[in-house]
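Structure, as structure tokens:
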Amino acid sequence: MPGLRVLKSRDEFEGEIYTSTVIVEGDDLPASRDGAPTAEIGRARPRVDGRNRVTGRAMYTQDVRLPGMLHAAILRSPVPRARVRAIDTKKAEALPGVRAVLHRFNAPEIEFRGEKTLFRDEVKFVGDEVAAVAADDSQVAQQAIALIEVDYEILPHVVDLEEAIGPKAPKIDPDGNVHDAGEYKRGDFRKAFKDADVTIDVTYRTSTQMHNALETHGAVASWDGDRLTVWESTQAVFGVRNMLKDALKLQPTQVRVICEYMGGGFGAKLGTYKYGVIASLLSMRLGRPVRCVLTRREENLAAGNRSATLQKLKLAGKDGRIVALEHESWSNSGQGRWAANPTGPSNTLYDIANVSSTAHRVTTNAGALSAFRAPGYVEGTFALESAVDELAVAMKVDPLTLRKRHARSVTDPRTDNRYSLKRLLECYAIGAHEIGWSKRRNAGMRGSQPHRRRGLGMATQIWGGGGGPPAYATVHIETDGTAVLRVGVQDIGTGTRTAIAQVCADELGLQLDQVTVRLGDTDAPYGPGSGGSVTLASIGPAVRIAASEVREKLLVAAGGILEMPASELRIERGSIVSKGARTPLKEVMPKLDNSTIIGTGIRHPNPDKLAIKTFGAHFAQVEVDVRTGEIFVEKVVAVHDVGRIVNPLTAASQVQGGIVQALGFALTEERVVDRGLGRVMNANLEWYEIPTSMDVPEIVVRFVDVPDRKANNLGAKGLGEPPIIPTAAAVANAVANATGARVRHAPMTRARVLEALAMVGAS
Amino acid sequence: MTSLRGPNAVDLTLNVNGHDRSVHVPPRFSLLDTLRGPLGLTGTKLVCDEGDCGACTVLIDDRPVYSCLTLAIAAEGRRVETIEGLSQDGTLHPVQEAFVEHDAYQCGFCTPGQVMSVVSLLRAKPDAREDDVRRAVSGNLCRCGAYPNIVAAGVAAAKKKR
Amino acid sequence: MSLFAYARPKALGEALKLLKNGTIALAGGTDLITLMRHGLAEPDALVDLTGIEGLRGITREKGRGIRIGALTALSDVEASADLLRSLPIVPESLRDAATPQIRNMGTVGGNLLQRNRCWYFRDEGVQCWLKGGKRCFAVDGENRYHAVIGAHECWIVSPSDLAPALIASDAEVELASSLGRRRIPLAGFYVAPSGKQRKEHAIRRGELITTVRIPEKALERKGTYVKAMERKAWSFAIVSVAAAARVRDGKASDVRLVLGGIAPIPWRVPAAERVLDGTSLDDNACLAAADVVLKDATPLRDNGYKVTLARELVRRALRSLMS
């Protein structure tokens, strides 16, 4: 096969670099030179699926109803740690309408998420799966699980991060609760710290944040005797497929996963969980479709969270520069077997000569963490960027000036690779102008009302988002002259469907409404999961190649029909255009009868020896009531350097949404767990307070909007995660600027703000 | 003397989107479960099932309420409106149109509830301003954080009405 | 939620007859339905009161104060022109109460009868003292939103925004049952759970609130309601303060000061009100009154900040009466 190569590609996903094997065919297309808006790219387009979203017609997993469908419910452990000695299901099974009960004594051996069983013999957190019931309706299923009798042998537990680290804690893992989760060093931190003029040594904390995507996790599984079709609310249809085929020992072609619309994914839906395996297993056993959709409470117990962290930072300044940085972190991973390392930003964001970092994962009797929108980076940036401000105060230098001194480097300090593009200084300049940084005073400003102080703060973000292979697209032209684009990715609400329709229409010369996108179905060739801000930068370049191939073929075909050389033709707004004539494609295509034109596109590998990163800076203006501890975030300016912007409308939505979610992390969102009971007291949306419409400040969104031509043929990078990263630190820095009080624990609740204010006597 | 109905399934007539619909459900069924189940109107979403989120917002006698906390049987004799009843003959309601134009959603799961809250506001107060819209959707959570565009869409729809 | 029967009578008399053991009255349902879903109420039957027309509406009769029907929707109270003119503290208290939807559904009677929001009480897997268990888990548990004062065996806080405002307006509630009617001051309607009394309200079995009455004299006071929340909307009060006073020639008299969110009941300390009599509600007087209110506060591990907040909110509420 000519032009076929097998290569290695190095891609970043959620802060870690992975190497993968990729097959490459043909040549990549060049990226646009200047990135100026074209017919579709760079144009604000309302979503192509907007109608379905506003009319209630969009079909989510929750809405899937199949004939004969059964409903599954899961019995979950009410205690944080216990051995399951016996389970009595007689009463449950006797209930009319109950079709099956599964538990550790009757379930098949299934390997899933690193364990050999679906139902643990030792349950390890409140919410751990103990048994499952399938019944004719969900009320019966719920009644049935209440009738299951379980004999628990209670074991000692620990749920709190700092308690679990301590010497008195029971050992949850045989080898102790604290595990290594990453180390990094450059230069000589100790020496530089000792020789410095100014040093700080500070501890930060962040609380557990819960995703609370509005659509809970859930699956509807339907086994037809040979093939399993699963509708799942997921960020990764292929991720779910692969986990299910492995768990159930099926062939890839025997599992089809579908997710056309999904109600929110912020990292916790990159694969399936036990409910998906349970629904599938029950469907295979009973021969009927089975629906298992989590309740809000279950969602908040057993479907992931952002770890609470304890972070100790030491920074040192000398001659106006930061000369040393040490960052040690502990993350509450619950029952998770990995940590979202918070030290990533400390290792990579700034050009600091001497850096040392150590990360620890701590096991507790709480639900496992999962990725949550920039896992580790949100927590780590809160600490790092707060500390940089604290050092700037100690060094008596403007915090933005101090950052600029360390933001000029054009190489990634961890790998010494050059950045493909870095426009961070422009982000700073635009943001400083928009927020009015020049009016910032070191001692803050008077507020708009008595007892209120006003302040400005800012913080920086670094993240990957370059995407990479493999990712595939096919495009074909229908007999009416419209194009159908088929990909194996999904649209989790970021606007992927619209952005790739724009890329396709642009390359083909069609109007946007002449492109139909089919996605969210593993019957298409592979597409990556929507996590790590990789979707558009991975699939977009493949779409472009597929569309370009179709365009070339179409011109040749049209030339044949119109009896003109292809070189004199082009496609514009759905018509074949030659000198002086326009022929709509819908008139050309029928002349080909049922012959069609198909193009395929692949994602080419990322360039070797280049670091592909996204950068950005957020600036916040706040007021603080120094008597009541209330924070009023008045304005947030967000400036991002994420390559070329395909759709400025949906891109701005991403940034706004990231900021809103970050404000929840910064101000109100905190999982509360009773240490004695091990129970999550606010596994709901009442006391777990996510931002409302009244909590949102004025938000100004700006993009540097320069194509990253070395990154991929679109010049676009990811934008899902960058906007959630720097907001909390920007707000904390603004609060400190306003009041002199430094709040070192996110969320900055009334209690914590009042405590910090009391420390500095600021009332 | 009024007599007790239930506790097992009873026949109800609900006026939904201008049509009388018959269902056979027990009194414990919420309006939300009845809409989504027997009536097949899945546009109204279930998120928290306890009045903490607003995704299940429908209008009863023109006012937005949480259908998860409303018993279907208690909605008898009242006018229920859901997202499915807004657009007629394929033409979007001006509020729906404004939501599309302003990208007033991301995942779209809260959208039906948000739209119903704004529709109700503009019926009661056609000249609604930004602060009115912000308050009108303060009982509709959006985890994607589309609030700035939701408010902009509401304001734009009000301006168009004026 | 277990099965139950349902009736929607058209007359109060019928409703009262239907209210017997195992039956619960339903109005807006915003609290009751959640209690039922969490197994905290398991009625055999619900009597839906919303069909009873006579219990809805706000009437203002010159010289005879204000009557608010128990079934009046909170949103109608919030928007009532009569109240906005004669007793603005009451609509003001609802402005940040819950959400527009809940205010459309919720009624005055239901609001006054809502049960507490303690997360141990609401968790069906926790058998706390109030539910017949042995102890209050908040005392040495997660108590950032719990009581700082006035608690006995149970550290819940009174969640209503409306109740402090109405108590500061000397409101009385009229109660009806098949045995007859009675009228009690709203302040006496709330009880701090203790001893054998494992409940928050002095309502008797089979009894309904029919009307809330505010005497004419209360309308002569100026009043205000302030509320501290963790977010800007849709939060229960961390601390709230209803303050009212007659203000003449720059001097305050006949002061009312009622706090929400800090005690198992709406917290009123008459001695603190007397401290303010005849003062110009200056900072010193306000803080002196706050100190009297909070004198017996015994905060738990995580809720000491409520005392700081309460002190400042008392000062602000009172000060604003002079502006």
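These values consider heavy atoms only, across backbone and side chains, with no hydrogens, waters or symmetry-generated copies. Numbers restart at 1 for each chain; the letters A, B, ... are given by sequence-line order, proteins then strands.
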Review point. Any idea which of B/Val100, B/Ile83, B/Asp103 has the most non-hydrogen atom pairs under 4.5 angstrom with chain A?
Key: B/Asp103
Review point. Taking every heavy-atom pair that is under 4.5 Å apart, which of A/Met262, A/Arg51, A/Arg297, A/Arg45 has the most such pairs with chain B?
Key: A/Arg51
Check your understanding: Can you check whether A/Pro691's main-chain N or O pairs, donor with acceptor, with B/Tyr147's side chain at less than 3.5 Å?
Key -> yes
Point to revise | Point-to-point distance, once rounded to the nearest 0.5 Å, from SG of B/Cys48 to CG of A/Asn212 | key: 10.0 Å
Review point. Top residue by heavy-atom pair count (under 4.5 Å) with chain B, among A/Val696, A/Ile699, A/Thr55?
Key: A/Thr55
Exercise for review: Name the region of B/Glu50, side chain, backbone, both or neither, that has any atom closer than 4.5 Å to a heavy atom of chain A.
Suggested key: side chain
Check your understanding: Going from OH on A/Tyr688 to CG on B/Asp52, what distance comes out if it is rounded to the nearest 0.5 angstrom?
Key -> 14.0 Å
**Study point:** Choice from A/Val660, A/Asp137, A/Asn52, A/Val293 maximising heavy atom contacts with chain B below 4.5 Å
**Key:** A/Val660
Practice item. Select one option (side chain, backbone, both, neither) describing which atoms of B/Leu46 are under 4.5 Å from chain A's heavy atoms. Key: both
Review point. Looking only at heavy atoms, what is the nearest atom pair of B/Phe99 and A/Val54, with distance?
Key: CB-CG1, 3.7 Å
**Study point:** Closest non-hydrogen atom pair between B/Ser138 and A/Ser693, with its separation
**Key:** CA-OG, 3.3 Å
Check your understanding: Do A/His211 and B/Arg143 have side-chain heavy atoms sitting under 4.5 Å apart?
Key -> no
Practice item. Assess whether side-chain contact (heavy atoms from CB on, under 4.5 Å) is satisfied between B/Lys45 and A/Glu215, documenting all intermediate values. Key: CA-CA 8 Å; B/Lys45 300 302 182 209; A/Glu215 185 182 29; over 6 Å; no
Study note, to complete from the structure: Turns out that what part of A/Glu689 lies under 4.5 Å from chain B's heavy atoms comes down to neither
Study note, to complete from the structure: dist A/Arg57:CZ -> B/Ser87:OG (nearest 0.5 Å) comes out at 7.0 Å
Point to revise | B/Leu141 versus chain A, the contacting section by heavy-atom distance below 4.5 Å | key: both
Check your understanding: Which pair of heavy atoms, one from B/Cys107 and one from A/Gly263, lies closest together, and at what distance?
Key -> SG-C, 3.4 Å
Point to revise | Sorted by number, residues from residues 20-29 of chain B in contact with chain A (heavy atoms, under 4.5 Å) | key: B/Arg28, B/Phe29
Revision key, fill the gap. The interface call for B/Phe109 against chain A, heavy-atom contacts under 4.5 Å, is both
Check your understanding: Between A/Gln62, A/Arg53, A/Arg296, which shows the greatest number of heavy-atom pairs under 4.5 Å with chain B?
Key -> A/Gln62
**Study point:** Closest non-hydrogen atom pair, A/Phe266 against B/Cys144
**Key:** CZ-SG, 3.9 Å
Review point. Measuring heavy-atom distances to chain A, does B/Gln96 have an atom under 4.5 Å in its side chain, in its backbone, in both, or in neither?
Key: both
Revision key, fill the gap. Bottom line for B/Asn149: the part with an atom under 4.5 Å from chain A's heavy atoms is both
Practice item. Assess whether side-chain contact (heavy atoms from CB on, under 4.5 Å) is satisfied between B/Arg36 and A/Asp63, documenting all intermediate values. Key: CA-CA 8 Å; B/Arg36 289 182 52 80; A/Asp63 306 328; 2.9 Å; yes
Review point. For A/Glu698, is it the side chain, the backbone, both or neither that has a heavy atom under 4.5 Å from a heavy atom of chain B?
Key: neither
Review point. Do B/Glu84 side-chain atoms and A/Gly56 backbone N/O form a donor-acceptor pair below 3.5 Å?
Key: no
